[in-house]
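These values consider heavy atoms only, across backbone and side chains, with no hydrogens, waters or symmetry-generated copies.
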Amino acid sequence: MIIEQIGNIIMVILATWTMSYMVANSYWHANGESSFRFGIYGILFLAWLIIFGIVRAILGRVDPSFNSSQGELSAGDEREKAISQQALRWIYHVMITLLLIELIAIPVLSLGMGAQPVLFAQAVVIALGGALIISFIVYLSGWLYFDAKE
């Protein structure tokens, strides 16, 4: 479970960097001309997807309680299911709170950054990526907390 969450956190960080770079360095015009650039972050992201996929496949073979199709929700017994449910409650509260904050902050940012659409788009990508990263960290922390508690 720890490997799964750390892998997810790294994946979202790399995806956020890739999308932020792409927004800043790609363009498209009304005449049909366009250029999409992913930069080194895109290469790192693709490499991480391959590495993480291999790690998950190996983990699925080595650890009988890990189900790669269920990922972090795979559980070996009822105790692990209960821990996952408690950690998911934490992540639910955090994610709803973060999304509500973003629902208010993004329109306010659009007013302040209206003249800089690329910077605004990057801010939105970073805000959404940050919410996912925080959620994975909260899930990992909650899982470790409830595992130690029981």
Side-chain angles (χ1 to χ4, degrees), residues 1-28 34-110 113 117-150:
M1 196 286 307
I2 293 172
I3 293 171
E4 180 81 18
Q5 292 310 307
I6 291 172
N8 286 338
I9 291 166
I10 293 170
M11 180 179 59
V12 173
I13 288 170
L14 290 172
T16 301
W17 285 347
T18 300
M19 288 184 276
S20 181
Y21 181 88
M22 189 179 81
V23 164
N25 295 293
S26 299
Y27 65 88
W28 48 91
S34 63
S35 172
F36 293 98
R37 298 181 182 164
F38 298 96
I40 188 69
Y41 302 116
I43 295 167
L44 291 173
F45 177 66
L46 289 175
W48 180 251
L49 287 178
I50 293 167
I51 292 167
F52 189 44
I54 292 168
V55 168
R56 290 184 74 221
I58 292 170
L59 186 61
R61 290 187 181 154
V62 173
D63 184 2
S65 68
F66 180 76
N67 182 345
S68 61
S69 66
Q70 291 182 340
E72 60 272 349
L73 298 178
S74 63
D77 56 17
E78 291 301 316
R79 179 182 158 277
E80 286 186 8
K81 285 182 184 177
I83 290 170
S84 291
Q85 287 176 350
Q86 291 172 321
L88 284 171
R89 280 191 203 108
W90 276 19
I91 194 174
Y92 176 77
H93 292 295
V94 168
M95 191 60 142
I96 293 297
T97 302
L98 288 173
L99 290 176
L100 286 174
I101 290 169
E102 289 177 3
L103 191 62
I104 294 167
I106 287 175
V108 171
L109 276 174
S110 72
M113 299 173 133
V118 171
L119 187 59
F120 173 68
Q122 283 182 302
V124 171
V125 166
I126 291 168
L128 293 174
L132 285 173
I133 293 164
I134 290 169
S135 295
F136 282 127
I137 291 170
V138 167
Y139 181 79
L140 176 60
S141 302
W143 207 98
L144 293 173
Y145 172 79
F146 292 116
D147 184 47
K149 189 175 173 183
E150 289 192 21

Problem set entry | Name of the residue among Y145, W143, Y139 meeting side-chain contact (heavy atoms from CB on, under 4.5 Å) with W90 | Y145
For this session: With rounding to the nearest 0.5 Å, note down the distance linking CD1 in I51 to CG in L46.
Result: 11.0 Å
For this session: Give a yes or no on whether the backbone of Y41 and the side-chain of T18 come within a donor-acceptor separation of less than 3.5 Å.
Result: yes
For this session: May I have the step-by-step check of side-chain contact (heavy atoms from CB on, under 4.5 Å) for F52 and I10, ending in yes or no?
Result: CA-CA 10 Å; F52 189 44; I10 293 170; over 6 Å; no
For this session: Say whether, by atom type as modelled, one donor and one acceptor occur between the side chain of S35 and the main chain of S26 under 3.5 angstrom.
Result: no
Seminar exercise, completed: For S20 and V125, the nearest pair of non-hydrogen atoms, with its separation, is N-CG1, 3.9 Å
For this session: Please test L144 against I2 for side-chain contact (heavy atoms from CB on, under 4.5 Å), starting from the C-alpha separation and ending with a verdict.
Result: CA-CA 9 Å; L144 293 173; I2 293 172; 3.7 Å; yes
For this session: Any chance you could lay out the side-chain contact (heavy atoms from CB on, under 4.5 Å) test for F136 and V12, step after step, and finish with the verdict?
Result: CA-CA 9 Å; F136 282 127; V12 173; 3.5 Å; yes
Exercise. What are the two closest heavy atoms between Y21 and R37, and how far apart are they?
Worked result: CD2-O, 3.7 Å
Problem set entry | Rounded distance (nearest 0.5 Å) linking atom OG of S84 with atom CD1 of I91 | 11.0 Å
Exercise. Hey, what do you get for CD1 (I104) to CG (L109), rounding to the nearest 0.5 Å?
Worked result: 12.0 Å
For this session: Drop me the distance from R56's CZ to L59's CG, to the nearest 0.5 angstrom.
Result: 8.5 Å
Problem set entry | Which atom of F120 lies closest to which atom of I106, heavy atoms considered | CE1-O, 3.5 Å
Exercise. Should we count CG of L132 as having more than 12 external heavy atoms under 6.0 Å?
Worked result: yes
Seminar exercise, completed: So CG of L128 and CG of L99: to nearest 0.5 Å the spacing works out to 7.5 Å
Exercise. Once you round to the nearest 0.5 Å, how far does CE of M11 lie from CD of Q5?
Worked result: 9.5 Å
Problem set entry | For A87 against G142, the heavy-atom pair lying closest together | CB-C, 3.9 Å
Exercise. Under 3.5 Å, is there a donor-acceptor pair between the side chain of S110 and the main chain of P107?
Worked result: yes
